[in-house]
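Because the structure is a prediction, the values reported are computed rather than measured.
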Amino acid sequence: MATFLYRLGRLAFRRRRLFLMAWIIVLAAVGIGAGSVSGTTTDDFTLPGTQSQKAIDLLGKEFPQASAGGATARVVFEAPKGQKLTDAANKSEVGTLIGELKTAPQVASVSEPFSSGLVSKDGTIAYTQVTYKVPKADLTDAASGALDKVADKGEKAGLSVSLGGNAVQEKSSNKAAELVGLVVAAVVLVITFGSMLAAGLPLLTAIAGVVGAVCGITIATEFVSMSSASTTLALMLGLAVAIDYALFIVSRYRGEIREGHDPEEAAGRALGTAGSAVVFAGLTVIIALAGLSVIGIKMLTTMGLAAAFAVAVAVVIALTLLPAILGFAGMRIMKGKLTTKRHRAEERGERETMGTRWGRFVTRNPAKMLVVSVLGLGVLALPATDLQLTMPDDSMNAPGSTQRIAYDTLSKGFGPGFNGPLTVVVDARSSHDPKAAAEDARTLIGKLDDVATVSPANFNQAGDVALIAAIPKSSPSSEATKDLVTTIRDHSAELKKDTGADLMVTGTTAVNIDVSQKLGDAMIPYLAIVVGLALLLLLLVFRSILVPLKAALGFLLSVVATLGVVVAVFQWGWLKDIFGVDQTAPIISMLPILLIGVVFGLAMDYEVFLVTRMREEYVHGAEPTPAIVSGFTHNARVVSAAAVIMISVFAGFLLDDVALIKSIGLGLATAVLLDAFVVRMTIVPAVMALVGRKTWALPKWLDRVMPSVDVEGEKLRHVLEAREVSKEPAPATATRQG
């Protein structure tokens with residue numbers, strides 16, 4: 001691996017114009033392709049095998065007119081202040097708007113507010129439910145535009161009209177996040193390198209990588225339905241890792257030049273050493289993200305694969321485009337006019353670096369540092385014991401958005417449960433009296449404490465399957481509604497015994513509850529699969545049993561502590577004003593899974609970058625403790641800069657208006673902070689100092705069967721040393737005089 005990358009680095013450096021032109025052509029091609037597609041994204045959640053999905057499948061067969069799997073929208077009307085919707089003029093205007101909705105493209109049905117009891121008691125608020133013939137992913141622009149036109153006409157007529165439901169198009173997210181991340185990254189890179197040129201290269205290649213990845217994902221939406229959050233997650237991760245990977249290679253390149261190598265040789269050596277670490281660090285991230293597909297939820301699968309693609313592009317960019325650009329920069333990259341006197345002294349070896357001092361401090365006090373770090377993470381993890389999961393609904397949209405206004409208006413007029421009605425399906429095909437079974441089910445549901453209203457049963461043409469709409473008193477994401485769904489389902493056995501009919505609950509709220517439950521159940525198996533695969537990879541990289549184990553255990557500490565912080569902020573409301581959290585709510589159920597996948601990959605990044613240099617020093621003859629300190633001397637500054645860049649990129653997404661993106665941003669920023677500075681820079685060296693040589697122990701039989709990947713560049717070193725020896729002139733022989 002190291003030898004191949006060494007040759008690739010030299011080739012890209014030497015043929016820099018060819019490599020640069022190739023990348024320009026690739027980026028132009030995907031850019032043109034992305035601009036010519038009209039693919040759509042979706043946030044629909046389906047999970048085969050759940051009761052809600054079984055009910056949807058049954059409704060699709062018995063109630064095709066109900067479009068159980070179709071997109072839905074709620075159009076909420078509110079009368080002007082001092083008026084009622086039941087006033088003649090307002091009632092007429094609402095009727096006209098309802099008529100337009102009925103003739104809109106792809107609409108299957110539209111409820112009548114005034115004849116269906118969908119008007120509030122005071123007559124000021126009403127709503128209609130619009131059901132489409134197709135799921136959200138298949139909605140056309142004309143269908144979505146019709147909703148907006150109705151809302152605009154209603155507003156011009158003096159009514160307040162807001163839109164909710166999954167058929168409503170999401171507004172574009174706040175783009176300040178990316179800008180904040182890039183600005184902070186630029187500042188950190190300038191401080192790290194002391195050179196505008198050296199700082200600009202990681203940013204330039206990162207932007208190229210992100211553009212290529214996002215354009216590729218956009219093209220993919222033409223062929224597959226992807227989550228609307230896929231591009232955001234890919235952008236977030238692609239930007240962070242692309243900067244980090246380039247940062248490590250540029251730093252190593254500058255180090256090789258300081259050791260006296262010419263620029264082309266330095267590029268080859270940088271790619272052969274730091275480039276190898278980049279490959280395996282990228283592989284761990286890709287494994288963790290691609291592993292999301294094993295959960296079986298399409299939205300998570302597309303998010304994971306999109307982000308994995310962005311990371312793969314970042315790795316390829318770092319290995320091909322970056323050394324080519326280094327070829328254009330040449331020796332100018334060493335000109336650090338912005339460095340401080342202290343930094344210049346550290347580079348000349350006249351002063352110890354902060355990393356060296358920290359490495360020595362930790363290795364002198366390993367037990368104390370280990371105990372303090374573990375206890376600190378344990379305290380942060382305590383709120384995670386109260387973790388509650390939910391799926392996103394309109395209450396989590398940004399204040400002022402039409403979805404949030406519709407949610408709040410509906411709650412004000414009818415109660416929060418009207419935002420998440422439950423669709424109860426009575427499958428009486430095996431019952432001797434289907435009508436009696438449906439009536440028994442309706443009576444049973446009506447007696448439950450958290451039920452606000454229950455509609456009469458609506459039968460299919462055969463008269464053996466009934467639909468009942470139950471409105472909870474509590475909000476869709478509340479624990480009370482979750483308990484209500486469970487209670488109704490628990491009564492299915494009782495109804496089956498008495499009438500022979502089955503009782504199932506579906507609808508958006510029930511689907512969300514089922515998906516949330518499945519995500520919670522999937523966390524441990526997913527963790528086992530991803531960690532297991534990554535442990536095998538790290539075993540190959542470090543040829544050690546202990547290093548992969550402590551890497552995984554350290555990750556578990558950081559991710560549990562991160563969940564504790566997220567629960568404290570988003571669920572308990574601690575410091576919510578500082579983080580711009582509008583209201584407390586259960587944690588979005590996909591967040592723990594995403595944190596596990598993304599944070600594990602990033603944690604292994606720092607493990608690989610930091611420990612690879614330690615192993616390199618150890619393999620080259622250093623004692624265990626000096627090898628640890630040497631690893632900090634060479635890489636602590638760069639790892640710290642990389643962590644600060646990642647933290648800033650992720651924290652920038654706290655500026656986003658969407659609760660899901662905001663929570664992902666806080667979670668990832670916290671995880672990187674804890675994992676980089678507490679786990680990788682404190683716990684890991686403390687454990688290694690306590691264990692000593694056993695850190696690198698590997699059974700001989702395992703060492704023999706494992707392939708050698710040479711991440712630390714030991715084989716490359718021997719190849720280069722042999723080449724240098726062959727270049728030396730042969731010693732002159734003395735001439736015998738006679």
Side-chain angles (χ1 to χ4, degrees), residues 72-104 107 110-131 144-171 174 392-421 452-453 455 469 471-478 481 508 576-577 580-585 657-659:
T72 59
R74 287 182 299 278
V75 182
V76 184
F77 305 96
E78 187 171 14
K81 191 173 182 180
Q83 299 181 31
K84 294 184 177 182
L85 289 176
T86 50
D87 295 343
N90 291 333
K91 186 174 182 179
S92 174
E93 181 62 30
V94 170
T96 301
L97 296 175
I98 296 292
E100 291 191 19
L101 287 172
K102 288 181 178 179
T103 60
V107 169
V110 180
S111 58
E112 291 281 356
F114 298 105
S115 61
S116 302
L118 305 182
V119 181
S120 63
K121 292 181 179 179
D122 61 5
T124 60
I125 297 172
Y127 76 97
T128 181
Q129 185 84 3
V130 183
T131 303
S144 300
L147 278 175
D148 295 329
K149 288 178 183 178
V150 165
D152 291 340
K153 286 186 178 180
E155 293 285 345
K156 290 177 181 178
L159 302 176
S160 295
V161 184
S162 50
L163 308 173
N166 63 5
V168 181
Q169 291 277 12
E170 296 286 344
K171 301 299 181 183
N174 192 333
D393 59 27
D394 285 345
S395 68
M396 298 179 185
N397 275 283
S401 65
T402 187
Q403 296 98 322
R404 180 64 177 275
I405 293 171
Y407 183 95
D408 293 340
T409 304
L410 209 54
S411 298
K412 180 175 68 174
F414 300 90
F418 275 76
N419 284 288
T453 63
S455 72
I471 307 296
K473 294 178 182 177
S474 49
S475 64
S477 61
S478 68
T481 300
T508 302
K576 68 174 186 177
D577 293 334
V581 178
D582 178 61
Q583 63 178 359
T584 59
D657 296 328
V658 180

Could you tell me if T131 and T72 have a donor-acceptor pair between their side chains, going purely by distance under 3.5 Å?
no
Would you mind listing every side chain to side chain donor-acceptor pair (under 3.5 Å) that reaches into residues 115-127, with sequence neighbours excluded?
S120-D122, D122-T124
Qualifying side chain to side chain donor-acceptor pair (under 3.5 Å) pairs with a residue from residues 153-162, counting only residues at least two apart or across chains
E100-K153
Could you measure the distance from the [atom1] atom of [X] to the [atom2] atom of [Y]? Nearest 0.5 Å is fine.
{"X": "Q403", "Y": "N166", "atom1": "CD", "atom2": "CG", "answer": "10.5 Å"}
{"X": "L159", "Y": "L97", "atom1": "CG", "atom2": "CG", "answer": "7.0 Å"}
{"X": "T409", "Y": "R74", "atom1": "OG1", "atom2": "CZ", "answer": "11.5 Å"}

With a cut-off of 3.5 Å and sequence neighbours excluded, list every side-chain donor-acceptor pair involving residues 78-87.
residue	atom	partner	partner atom	Å
E78	OE2	K412	NZ	2.8
Q83	OE1	N90	ND2	3.1
D87	OD2	K84	N	3.1

Search all heavy atoms of [X] against all heavy atoms of [Y] and return the closest pair with its distance.
{"X": "L147", "Y": "A73", "answer": "CD1-CB, 3.9 Å"}
{"X": "S144", "Y": "A167", "answer": "OG-O, 4.2 Å"}
{"X": "L101", "Y": "V130", "answer": "CD1-CG2, 4.0 Å"}
{"X": "I471", "Y": "P421", "answer": "CD1-CB, 3.4 Å"}
{"X": "A406", "Y": "G164", "answer": "CB-N, 3.8 Å"}
{"X": "G420", "Y": "P472", "answer": "O-CD, 3.6 Å"}

Before giving the answer on side chain to side chain contact (heavy atoms under 4.5 Å, CB included), spell out for V94 and F114 the whole-Å C-alpha distance, their side-chain angles and the decisive distance to 0.1 Å.
CA-CA 10 Å; V94 170; F114 298 105; 3.8 Å; yes
Counting C-beta onward and ignoring hydrogens, is there a side-chain heavy-atom pair between I98 and F77 closer than 4.5 Å?
yes
Find out whether V161 and T402 are in side-chain contact, i.e. whether some heavy atom of one side chain is under 4.5 Å from a heavy atom of the other.
no
Report yes or no: does S111 contribute a side-chain atom to a donor-acceptor pair with the main-chain N or O of Q129 at less than 3.5 Å?
yes
Polar side-chain atom of T481 near backbone of S477 as donor-acceptor pair, under 3.5 Å
no
Any chance you could lay out the side chain to side chain contact (heavy atoms under 4.5 Å, CB included) test for L163 and V75, step after step, and finish with the verdict?
CA-CA 5 Å; L163 308 173; V75 182; 3.9 Å; yes
